[in-house]
Amino acid sequence: MSPANDTKLNSAVFLLTGIPGQEDVHLWISIPFCLMYVISIVGNSVILFIIKTDPSLHEPMYIFLSMLAVTDLGLSIATMPTILGIFLFNSREISFDACLAQLFFIHSLQCIESSVLLLMAFDRFVAICNPLRYASILTLPRIAKMGLVCVLRGVAVIIPLPLLLKRFRYCQANILSHSYCLHQDIMKLACSDITVNNIYGLSGSLLINGLDSLLIFLSYVMIIKTVLSITSPAECLRALNTCVSHLCVVLLFYTPEISLTVIHRFGNSSSHLLPILLGYVYLLVPPLMNPVVYSMKNKHLRARIIRVFIK
């Protein structure tokens, strides 16, 4: 292909993909997607509102939960326009710059959420393993600094990705395999050498998700070790019960993300439906389920939510 054609494709639009073979029922499929977005936005907004307005919830655990809710709201807003655009209006086109912008927000918010989950694991570790120093370790200024580090870390790791993609020419078919833009999906369309992108993307994923998941695992090893040293079975169960919500959220976040990364980089391209469906789970299920999980498992939060709606 000639350089002129390369340049033309580079400045053209990408075509997003819904669910292949189901185009005739995209309008019906949009109904559960709309419900998921409504529940995600309302659920996370309610949690933020209750934590902000109830002084008794201004504790480290709930502050970290509010950080998680803000990140989930950002993910929902970042993916909503293109996903609903495809299923409601069959609007598949997205400009190159808009695609890079969406890519940046999706990946950076995912990195921030991973960091927040690590902070929540640290919160549980301190609360169970060193309860007497809990208030002195997790002070409000320190929590604010930790939150800022999470944001800066996510932005710093992800910002090179769109810059690296920007320098490529795209001479292959400009059809993406998802309803939104991902780095590993776009770089496959480049006609240039993508070795640097591949190495950096994988290194960034290991640095964020790999390191965070390892530290979360180690924190729970220490938590379990401490809990098993408790002689009373009732106290042991009570301590473990405070971690159930966080463990569920961690599994909801890391399982589809790691699976999708592995499939994109090392999977067989003959099966297209699995990565597409896993991609929706990867971005839509955690923001949907996180407020549900915490509302069901945390009795203090659940009681205040019920009180708000009863009023």
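Small disclaimer: the values here were computed from a predicted structure and weren't measured.
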**Student:** How close do Tyr180 and Gln102 get, heavy atom to heavy atom, and via which atoms?
**Tutor:** CA-OE1, 3.4 Å
**Student:** Is it the case that the side chain of Glu113 and the backbone of Leu68 share a donor-acceptor pair, with hydrogens and angles ignored and the cut-off at 3.5 Å?
**Tutor:** no
**Student:** To the nearest 0.5 Å, how far apart are CZ in Arg169 and CG in Leu189?
**Tutor:** 15.0 Å
**Student:** Hydrophobic cluster membership, with links at side-chain heavy-atom distances under 4.5 Å among I/L/V/M/F/W/Y: are Val149 and Ile137 in one?
**Tutor:** no
**Student:** Taking the side chain as every heavy atom from C-beta outward, state whether Pro291 and Val46 have any pair of such atoms under 4.5 Å apart.
**Tutor:** no
**Student:** So does Gly210 get a backbone contact from the side chain of Ser213, meaning a donor-acceptor N/O pair under 3.5 Å?
**Tutor:** yes
**Student:** Within the distance-only criterion (no hydrogens, no angle test), does the side chain of Ser219 pair as donor or acceptor with the backbone N or O of Ile216 below 3.5 angstrom?
**Tutor:** yes
**Student:** Take Phe33 and Thr79, measure what side-chain contact (heavy atoms from CB on, under 4.5 Å) needs, and give me the verdict at the end.
**Tutor:** CA-CA 11 Å; Phe33 279 109; Thr79 57; over 6 Å; no
**Student:** State yes or no: do Tyr62 and Leu140 share one hydrophobic cluster built from I, L, V, M, F, W and Y residues joined by side-chain heavy-atom distances below 4.5 Å, directly or via other members?
**Tutor:** yes
**Student:** For the CG atom of Leu109 and the CD1 atom of Ile77, what is their distance to the nearest 0.5 Å?
**Tutor:** 9.5 Å
**Student:** Determine whether Met187 and Leu207 fall in the same hydrophobic cluster, where Ile, Leu, Val, Met, Phe, Trp and Tyr are linked whenever their side-chain heavy atoms lie under 4.5 Å apart.
**Tutor:** yes
**Student:** What pairs with Pro60 under side-chain contact (heavy atoms from CB on, under 4.5 Å), at least two apart in sequence or on another chain?
**Tutor:** Phe64, Asp123, Tyr134, Leu138, Ile143
**Student:** Can you give me the closest heavy-atom contact between Phe96 and Lys166, atom names plus distance?
**Tutor:** CE2-CD, 3.8 Å
**Student:** Please list every donor-acceptor pair under 3.5 Å in which a side-chain atom of residues 83-94 meets a protein atom from a residue at least two apart or in another chain.
**Tutor:**
| from | atom 1 | to | atom 2 | distance (Å) |
| --- | --- | --- | --- | --- |
| Arg92 | NE | Leu16 | O | 2.6 |
| Arg92 | NH2 | Leu16 | O | 3.2 |

**Student:** How about Phe49: does its CZ atom have over 12 heavy atoms from other parts shown lying under 6.0 Å from it?
**Tutor:** no
**Student:** side-chain contact (heavy atoms from CB on, under 4.5 Å), that's the test. Do Arg124 and Met61 meet it? Break it down for me.
**Tutor:** CA-CA 8 Å; Arg124 292 298 84 209; Met61 180 177 70; 3.7 Å; yes
**Student:** Rounded to the nearest 0.5 Å, how far does CD1 of Ile128 lie from CG of Asn130?
**Tutor:** 12.0 Å
**Student:** In chain order, what residues pass the side-chain contact (heavy atoms from CB on, under 4.5 Å) check against Cys248, with sequence neighbours excluded?
**Tutor:** Val244, Val293
**Student:** Taking Asp72's backbone N and O only, do any of them form a donor-acceptor pair with Ser76's side chain (distance below 3.5 Å, no angle check)?
**Tutor:** yes
**Student:** Just by modelled atom types, is the Leu48 backbone N or O under 3.5 Å from a matching donor or acceptor in the Ser66 side chain?
**Tutor:** no
**Student:** How long is the span from the CD1 atom in Ile186 to the CG atom in Leu103, to the nearest 0.5 Å?
**Tutor:** 5.0 Å
**Student:** I'd like to know if Met296 and Leu251 are part of one continuous hydrophobic network [Ile/Leu/Val/Met/Phe/Trp/Tyr, side-chain heavy atoms within less than 4.5 Å].
**Tutor:** no
**Student:** State, with a plain yes or no, whether a side-chain heavy atom of Tyr200 is found less than 4.5 Å away from one of Leu161.
**Tutor:** yes
**Student:** Which atom pair, heavy atoms only, marks the closest approach of His178 to Leu182?
**Tutor:** CD2-CD1, 3.9 Å
**Student:** In Å and rounded to the nearest 0.5 Å, what is the CZ to CG distance from Arg153 to Leu148?
**Tutor:** 13.5 Å
**Student:** To the nearest 0.5 angstrom, please state how far the CD1 atom of Ile158 sits from the CD atom of Gln110.
**Tutor:** 9.5 Å
**Student:** Please find the pair of heavy atoms, one from Cys150 and one from Val116, that lie closest to each other, and give the distance.
**Tutor:** SG-N, 4.3 Å
**Student:** Does a sphere of radius 6.0 Å around OH in Tyr280 hold more than 12 heavy atoms from other residues, nucleotides or ligands, not counting ones at 6.0 Å or beyond?
**Tutor:** yes
**Student:** Do Leu35 and Trp28 share a hydrophobic cluster (ILVMFWY, side-chain heavy atoms under 4.5 Å, transitive)?
**Tutor:** yes
**Student:** Apply side-chain contact (heavy atoms from CB on, under 4.5 Å) to residues Leu218 and Met222 and explain how you reach the verdict.
**Tutor:** CA-CA 6 Å; Leu218 291 176; Met222 298 300 296; 5.7 Å; no
**Student:** Just so I know, are the side chains of Ile41 and Met80 near enough to count as touching, which here means a heavy-atom distance under 4.5 Å?
**Tutor:** yes
**Student:** Go through the steps for Leu117 and Asp212 under the test side-chain contact (heavy atoms from CB on, under 4.5 Å), then give the verdict.
**Tutor:** CA-CA 8 Å; Leu117 291 176; Asp212 289 353; over 6 Å; no
**Student:** Looking only at non-hydrogen atoms, find the nearest pair between Thr226 and Cys129 and report the distance.
**Tutor:** OG1-SG, 3.1 Å
**Student:** Ile106 versus Cys181: any side-chain heavy-atom pair under 4.5 Å?
**Tutor:** no
**Student:** Is there a side-chain contact between Arg304 and Ser56, using heavy atoms and a 4.5 Å cut-off?
**Tutor:** yes
**Student:** Looking only at side-chain N and O atoms, does Asp97 offer a donor or acceptor that is under 3.5 Å from a partner on Ser95?
**Tutor:** no
**Student:** Is there a donor-acceptor pair closer than 3.5 Å between any side-chain N or O of Asn174 and the backbone N or O of Val13?
**Tutor:** yes
**Student:** Are the side chains of Asn209 and Phe253 in contact, using a 4.5 Å heavy-atom criterion?
**Tutor:** yes
**Student:** What heavy-atom pair brings Gly18 and Ser179 nearest, and what distance separates the two atoms?
**Tutor:** CA-OG, 3.7 Å
**Student:** If you define the side chain from C-beta out and look only at heavy atoms, does anything of Tyr37 sit under 4.5 Å from Pro287?
**Tutor:** no
**Student:** Counting N and O atoms only, with roles assigned by atom type, does the side chain of Asn44 sit under 3.5 Å from a partner on the main chain of Ser40, one being a donor and the other an acceptor?
**Tutor:** yes
**Student:** Using a 3.5 Å distance criterion without hydrogens, assess whether the side chain of Ser108 forms a donor-acceptor pair with backbone atoms of Phe105.
**Tutor:** yes
